[in-house]
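Working notes for the structure below.
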2 protein chains.
Amino acid sequence: MLKYQQIAADIEQEIVDKDLQQGDKLPVLDAFMAQFDVSKSTITKALDLLEKKGIVYQVRGSGIFVRRHKRRGYISLLSNQGFKKELDGFQITSEVLALDIRRPTAEAARNLAVNPEESVYYVKRVRYINGQTLCIEESYYNKSVVSYLNNEIVSESIFNYISDALGLNIGFSDLYFNVGKINKKEAELLRLPDASPGLFMEQIFHLTNGQPFDFSKITYNYEQSQFFIQANNYFL
Amino acid sequence: MLKYQQIAADIEQEIVDKDLQQGDKLPVLDAFMAQFDVSKSTITKALDLLEKKGIVYQVRGSGIFVRRHKRRGYISLLSNQGFKKELDGFQITSEVLALDIRRPTAEAARNLAVNPEESVYYVKRVRYINGQTLCIEESYYNKSVVSYLNNEIVSESIFNYISDALGLNIGFSDLYFNVGKINKKEAELLRLPDASPGLFMEQIFHLTNGQPFDFSKITYNYEQSQFFIQANNYFL
DNA sequence: TTATTTAATTGTTACGGTACAATATAAAAT
DNA sequence: ATTTTATATTGTACCGTAACAATTAAATAA
């Protein structure tokens with residue numbers, strides 16, 4: 001792990017350990033320089049990382065402060081790690097409805113930037129949280145990136161598999177969503193009345209080199225869906 | 001405007017002018033250094049800014065590439081400028097239903113970090129896009145930041161007023177949302193059937209010094225609401 | 001041709017330094 | 001007391017340098 005990453009992790013851990021709240025002041029730059037025995041620019045880089053992650057904000061002439069933590073139970077749309085096994089203490093489980101290799105839809109081929117003739121992995125899952133249905137998820141994986149998948153990998157975290165087993169780095173994702181009424185099939189899987197409200201999301205994940213490898217369409221149970229985003233103002 | 005901001009703006013403009021697409025390669029760092037006659041770290045800073053904004057991504061050993069533009073008609077949740085007058089060519093207008101000074105709700109007081117006894121500005125608006133209802137918006141403004149508001153300011157952009165007239169800098173915002181069914185009142189204002197799907201959003205805007213100044217609750221017309229987010233993977 | 005190794009390209013980390021701008025604090029003036 | 005002015009604090013911009021790591025391209029070997 002690089003110096004600035006380690007320092008960022010240490011500072012973040014300290015915020016948790018000391019249970020610092022929104023607006024609480026952290027030590028000044030010079031203090032961090034002394035504490036970690038690195039140059040000013042390395043500290044600055046660590047703090048910029050924490051700022052991007054929404055952990056702190058910096059005010060020139062004043063100091064470095066803790067930013068608001070998200071409310072409990074909300075899904076952060078910027079963490080970009082797919083689903084984890086847990087969310088604020090709630091267990092997340094998943095049931096695999098389909099796992100096969102097939103021709104992508106035109107839409108999937110476009111978003112994965114693959115030839116429509118070239119077959120891809122297709123996975124359909126239902127996820128549960130706290131005993132309730134959370135969402136239905138249909139994912140297409142670029143086979144030239146994710147060359148092998150099985151039931152075990154899919155029911156665990158695919159993202160961990162890609163990072164750890166394949167040694168690939170997930171870089172960024174684009175996310176589109178809108179709201180509508182779910183259809184009969186979706187209603188059945190989500191155990192909701194037909195035409196209930198639903199959140200429809202499309203997400204395209206890319207490696208750090210820009211290659212898209214995962215195109216997912218997710219339909220959320222509106223009763224279980226609470227989301228969180230932190231935005232920064234990067235105006236020019 | 002600072003050097004690195006100007007350079008970022010220039011590069012962004014060039015991407016637009018040359019109509020560069022996802023994956024297209026930009027000149028290398030050394031070329032930018034020569035073009036703008038600045039040091040490497042200034043170019044890096046400009047590119048990091050463009051990366052945060054989701055305009056480009058950088059790959060070590062390979063180059064700097066254009067990132068996907070959002071699809072047309074989607075509202076970007078990270079731009080953080082409130083509503084503009086226009087979205088992808090569609091006119092956005094707004095009708096002011098209420099504008100007064102009152103005691104904040106407990107919720108508003110908490111989110112604005114003001115004393116519940118201390119009165120705040122309250123604004124209720126309906127926004128329209130392309131002749132359709134877009135959303136209902138109830139906003140609370142901290143009076144110690146936004147000391148004066150009138151009908152004209154409110155029906156134009158409050159954010160421009162805060163930036164330009166008051167000389168304040170908007171720093172970051174926290175955004176929460178969930179999906180549900182709209183009630184009778186909301187249905188009427190949005191010109192939708194009762195119990196239609198709706199997206200319910202809460203957003204808290206902060207100045208660069210961390211002070212919250214705007215707490216807004218927005219109910220979106222599900223037929224007009226398409227959203228876009230770009231996420232980056234800042235893992236430690 | 002295909003695979004492997006080597007070299008060149010290209011962005012990233014980390015250092016050091018100087019000057020500066022925004023804020024906060026202390027001192028002085030009203 | 002209140003406002004104004006000076007001073008100290010604190011993060012930001014920009015420069016330059018060196019070494020490094022990931023990728024790509026070229027050269028070599030199988």
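Chain identifiers are assigned alphabetically (A, B, ...) following the order of the sequence lines, protein sequences preceding nucleic acid strands; residue numbering begins at 1 within each chain.
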inquiry  = What is the distance, to the nearest angstrom, from the CG atom on B:Asn209 to the C1' atom on D:dG11?
reply    = 14 Å
task = With the side chain of A:Lys40 defined as its heavy atoms from C-beta on, choose the nearest nucleotide among D:dG16, C:dG11, D:dT12.
result = D:dT12
request  = Send over the distance from A:Phe36 CZ to C:dT13 P, rounded to a whole Å.
outcome  = 18 Å
Rounded interatomic separation in angstrom, taking CG from A:Leu29 and C1' from D:dT10 = 7 Å
ask   = Can you check whether A:Lys45 has a side-chain N or O nearer than 4.0 Å to OP1 or OP2 of C:dT13?
value = yes
ask   = Is B:Asn150 atom CG crowded by more than 12 heavy atoms from other residues, nucleotides or ligands, each under 6.0 Å away?
value = yes
Value in whole Å for how far the P atom of D:dT10 lies from CG of A:Leu26 = 13 Å
ask   = Between A:Gln58 and D:dT12, does any side-chain N or O lie under 4.0 Å from OP1 or OP2?
value = yes
remark   = Looking only at D:dG11, C:dC15, D:dC14, the nucleotide nearest the B:Thr42 side chain is D:dC14
note = Judged by nearest nucleotide, the residue sitting upstream toward the 5' end of DNA chain C, A:Val59 or B:Gly61, is B:Gly61
ask   = How about B:Asp19 and B:Gln21: does a side-chain donor come under 3.5 Å of a side-chain acceptor?
value = yes
Closest-nucleotide ordering on DNA chain C, the 5'-leading residue of B:Thr208 and B:Ile64 = B:Ile64
ask   = Out of D:dA21, D:dG11, D:dA13, which has the shortest distance to the side chain of B:Arg60?
value = D:dA21
key: Under 4.0 angstrom between A:Ser62 side-chain N/O and C:dT23 OP1 or OP2   = no
message = Rounding to an integer number of Å, can you tell me how far A:Gln5 CD sits from D:dA21 P?
response = 13 Å
remark   = Smallest heavy-atom separation, A:Tyr74 atom then A:Phe228 atom, equals CB-CB, 3.9 Å
request  = Take the protein atom CG of A:Leu47 and the nucleotide atom P of D:dT10, then report the distance between them rounded to whole Å.
outcome  = 14 Å
ask   = Is it the case that A:Lys53 places NZ or CZ above or below the six-membered ring of B:Tyr234, under 6.0 angstrom from the centre and within 45 degrees of the axis?
value = no
ask   = Once you round it to whole Å, what is the distance between C1' of D:dT10 and CZ of A:Phe65?
value = 10 Å
ask   = Where the side chain of A:Lys3 is defined as all heavy atoms beyond and including C-beta, which of C:dT23, C:dC15, C:dT10 is the nearest nucleotide?
value = C:dC15
B:Arg67 NZ/CZ over B:Tyr57 ring centroid, <6.0 Å and within 45° of normal = no
query = Which of the following nucleotides, C:dT10, D:dT12, C:dA14, is nearest to the side chain of B:Lys25?
reply = C:dT10
note = Taken to the nearest whole Å, CE/A:Met33 to P/D:dT10 is 13 Å
